[in-house]
Amino acid sequence: MKPLNPPERILMGPGPSSVSSRVLRALGSPTLGHLDPKYVEIMDQTCVMLRDVFQTQNALTFPVSATGMAGMECIVTNLMEPGDEAIVCVNGVFGTRMVDVMQRAGVTVHAIEVPWGETFPDEMIADAVERFPKSKALAIVHAETSTGAHQPIESVSKIVHEAGMLLVVDAVTSLGGHEVRVDDWQIDAIYSGTQKCLSCPPGLSPVSFSPAAMDAMEKRKTKVQSWYFDVSMLKAYYSGSGKRAYHHTAPVNMIYALYEALAIVLEEGLENRIERHRQVHLRLRAGLETMGISYVPKHSLHTLNCVHIPDGIDDASVRQALLENYSIEIGAGLGPFAGKAWRIGLMGHAATVANVDLLLSALKASL
Ligand SMILES: *Cc1c(COP(=O)(O)O)cnc(C)c1O
């Protein structure tokens, strides 16, 4: 066997993002039994910090034991029953996946679409809830990582709730890098991932359910089709006040890593962290625009910068040069943007002035 020796990269793609040594050290702490009182305390503290980062009082807030897609699947399979209707907003890869996950759960999906790179105006949401009034929920992606589009949530939430529906939000690429106010924005079910702006290795998907979502889940007539993601069983482990029951073995060391990553977020302060992401985005944007490189979306995320590849430039050879000569990873375009766009992540630990300046000069040299 060759020795395991992964190089140290600067991860500036669509995720995972670079992980700090503090989080890596936490990962290597002694493994405890998942019912050990010491571990349960660590897990409870992790959920307390998750509520702070989600800006919510929701009792049912915990990390699902798998990556972001599992958060999507957990929310869909618990909230929706076969035969239910839902509106899904599609403007990139993750909205498209949401349609697929919903349909597999037996949901009748009303997909509404805008072109990739665009966001949904309020009028379109209002029109959709009027056309499909029997929908139980509307699902929307806050930060569409495939296009870099930043979808406003607050006004959408108002329209959705006035229509008596639940609001489901994908915040995988926004939590810890953009404002995500679960209670103020009245989000009913939200999922994220550890490896984007929280700068923890991939492997967990923080989720949160509002009291209205819990109510909807209690009124289910059918069993949740997924055993592993069934919240009615999981909640006894994560938020039970009494004895914790075994459901599945918690990914103990990953919880340590998330604990440390969340502690870092809260030490920095959410507001400071969001402002840091804004500042580095503006710096990158100014530098790219000086080089004649323009952004794809009109409303760009700070955490994911999707830019047009200049004419005559070969996508793969530039990304390869960045990786080989500078150990910097940036992301390729997806779907209609394959070969036409780059996706530059500025997430968490990697979102620094030093990294932005290094990338700009490396890119200049590589072009
Ligand atoms: C990365 C991502 C996901 C999926 O997360 P995985 O960790 O890859 O399972 C879902 N939604 C969005 C917007 C993402 O960026």
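Order of listing sets the numbers, starting from 1, for every ligand and every atom in it. Everything quoted here is computed from the prediction, not taken from an experiment.
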Mind checking ring-ring contact (aromatic ring centres under 6.0 Å, His included) for His248 and listing every partner two or more places apart, or none if nothing turns up?
Tyr228
Taking salt bridge (Lys or Arg N to Asp or Glu O under 4.0 Å) as the test, write out the residues that go with Asp84, two or more places apart.
Lys136
Cut-off 3.5 Å, side chains only: do His142 and Ser174 have a donor facing an acceptor?
yes
Do Asp230 and His247 get their side chains close enough for a donor-acceptor pair, meaning under 3.5 Å?
no
For Leu301, the other hydrophobic cluster members (4.5 Å side-chain criterion, sorted by chain and number) are Leu304, Met347
With a 4.0 Å cut-off on N to O distance, would you call Lys158 and Glu154 a salt bridge?
no
Those protein residues which place at least one heavy atom below 4.0 Å from ligand 1:
Thr67, Gly68, Met69, Phe94, Ala143, Thr145, Asp170, Val172, Thr173, Gln195, Lys196
